[in-house]
Amino acid sequence: MPLIKGVRMKFNGFLTAILLLLAISVAAQDVDYTYTTNADDTITIIKFTGSGGAPKIPGTINNRPVTSIGTNAFSYGQLSSVLIPDSVTNIESSAFCRCTELITITVNATNAFYSSAGGALFNKRQTGLIRYPAGKTGGCCTIPGGVTNIGDYAFFNCYGL
């Protein structure tokens, strides 16, 4: 009988470890965001589930820093503007694709990786244009002289240019 009890305890411990690993990799929901918890205990937003408008991406979810905005995380969203916190260190190139009403992307000034100017998303030094808001109209976009790189999907769905 002790042998069976020992096997059962090892199995329960193994099962607990498996369930814990699954919990880490399964997407969770926090009001307007579906997200994953990364191995380094940071958060990646994988989907905006809100109704649109002007969401402020949270700097933390469940006391963990939001560091990434995943591929297509805001695609098809009815956004007019979005505010990116200083905790974000990675934004996938197609994170805001098909946001045809998006007029302004604003990055917290203390963000060490990204910045914004004229409603567009740039890298911190503003040498790379990452995303121009698709809903911005006026028929013209002036790219600052210091820009040496225009990212994939930077002007995707920008019908007002």
Side-chain angles (χ1 to χ4, degrees), residues 22-161:
L22 286 173
I24 289 172
S25 64
V26 172
Q29 186 78 32
D30 184 74
V31 186
D32 290 338
Y33 301 97
T34 302
Y35 61 90
T36 58
T37 301
N38 305 311
D40 63 354
D41 223 21
T42 61
I43 300 290
T44 295
I45 291 178
I46 57 174
K47 185 71 181 158
F48 174 66
T49 57
S51 60
K56 178 183 175 191
I57 297 170
T60 61
I61 295 177
N62 293 331
N63 296 319
R64 294 179 176 94
V66 174
T67 58
S68 296
I69 301 172
T71 301
N72 297 319
F74 287 85
S75 291
Y76 300 103
Q78 303 284 319
L79 310 178
S80 58
S81 66
V82 65
L83 177 61
I84 299 170
D86 61 355
S87 62
V88 172
T89 61
N90 180 54
I91 300 173
E92 295 295 327
S93 62
S94 61
F96 299 102
C97 280
R98 296 181 180 92
C99 291
T100 57
E101 296 177 24
L102 184 60
I103 298 169
T104 304
I105 301 169
T106 304
V107 178
N108 185 305
T110 60
N111 186 298
F113 295 87
Y114 297 99
S115 64
S116 54
L121 176 64
F122 292 87
N123 64 358
K124 185 62 176 183
R125 295 185 333 252
Q126 295 194 352
T127 57
L129 173 62
I130 298 167
R131 181 69 181 147
Y132 188 80
K136 198 165 182 135
T137 59
C140 180
C141 169
T142 303
I143 298 173
V147 172
T148 58
N149 181 45
I150 297 175
D152 296 339
Y153 305 105
F155 293 100
F156 189 74
N157 283 86
C158 291
Y159 301 119
L161 286 179

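Computed over heavy atoms, backbone and side chain alike; hydrogens, waters and symmetry mates excluded.
- Distance NZ/Lys47 to OG1/Thr34: 8.5 Å, rounded to 0.5 Å.
- Heavy atoms only, all atoms of each residue included: Leu102 and Pro133 are closest at O-CB, 3.1 Å.
- Contact annotation: the side chain of Ile43 approaches that of Thr37 to within less than 4.5 Å [non-hydrogen atoms, C-beta and beyond].
- Every residue was checked against the side-chain hydrogen bond (donor to acceptor under 3.5 Å, both in side chains) condition with Glu101, not counting sequence neighbours, and none meets it.
- When every heavy atom of Cys99 is checked against every heavy atom of Ala134, the shortest pair comes out as O-CB, 3.4 Å.
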Candidate pair Asn38 and Thr44, rule side-chain hydrogen bond (donor to acceptor under 3.5 Å, both in side chains), full reasoning: CA-CA 7 Å; Asn38 305 311; Thr44 295; 3.0 Å; yes

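- Taking a 6.0 Å sphere around CZ of Phe156, one finds it holds more than 12 heavy atoms contributed by other residues, nucleotides or ligands.
- Taking the six-membered ring wherever Trp is involved, the centroid distance between the rings of Tyr114 and Phe122 does not fall below 6.0 Å.
- Pairs of residues two or more places apart, or lying in two chains, that qualify as salt bridge (charged side-chain N to carboxylate O under 4.0 Å, His left out) and include a residue from residues 55-68 are Asp41-Arg64.
- Legend: residues meeting side-chain hydrogen bond (donor to acceptor under 3.5 Å, both in side chains) with Thr142, ordered by chain and number and at least two apart, are absent.
- Annotation for Ile105 and Arg131: closest pair CD1-CG, 3.8 Å, computed over non-hydrogen atoms.
- Checked by atom type and distance alone, the side chain of Asn157 never pairs as donor or acceptor with a backbone atom of Thr100 at under 3.5 Å.
- Partners of Phe113 according to the ring-ring contact (aromatic ring centres under 6.0 Å, His included) rule, which considers only residues two or more places apart in sequence or in another chain, do not exist here.
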Identify all side-chain donor-acceptor contacts of residues 72-87 below 3.5 Å with residues at least two apart in sequence or on another chain.
| residue | atom | partner | partner atom | Å |
| --- | --- | --- | --- | --- |
| Asn72 | OD1 | Ser75 | OG | 3.1 |
| Ser75 | OG | Cys97 | O | 3.1 |
| Tyr76 | OH | Arg98 | NE | 3.0 |
| Ser80 | OG | Gly53 | O | 3.1 |
| Asp86 | OD2 | Thr110 | OG1 | 3.1 |
| Ser87 | OG | Gly59 | O | 3.2 |
| Ser87 | OG | Val66 | O | 2.6 |

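- Thr49 contributes a side-chain N or O that, together with a main-chain N or O of Asp32, makes up a donor-acceptor pair within less than 3.5 Å.
- From Gln126, atom CD reaches atom CG of Leu129 across 9.5 Å, with rounding to the nearest 0.5 Å.
- Residues Tyr132 and Ile143 form no side-chain contact, since every pair of their non-hydrogen atoms from C-beta on lies 4.5 Å or further apart.
- Here Asn111 pairs with nothing under the side-chain hydrogen bond (donor to acceptor under 3.5 Å, both in side chains) rule; sequence neighbours left out.
- Closest approach of Ser116 to Thr106, counting heavy atoms only: OG-CA, 3.6 Å.
- Ile69 CD1 to Thr89 OG1: the interatomic distance, rounded to the nearest 0.5 Å, is 9.5 Å.
- Rounding to the nearest 0.5 angstrom, the gap separating the CD1 atom in Ile57 from the CD1 atom in Ile45 is 5.5 Å.
- In this structure, Ile150 CD1 and Ile130 CD1 are separated by 12.0 Å, a value rounded to the nearest 0.5 Å.
- With rounding to the nearest 0.5 angstrom, the CG atom of Leu161 is 8.0 Å from the SG atom of Cys140.
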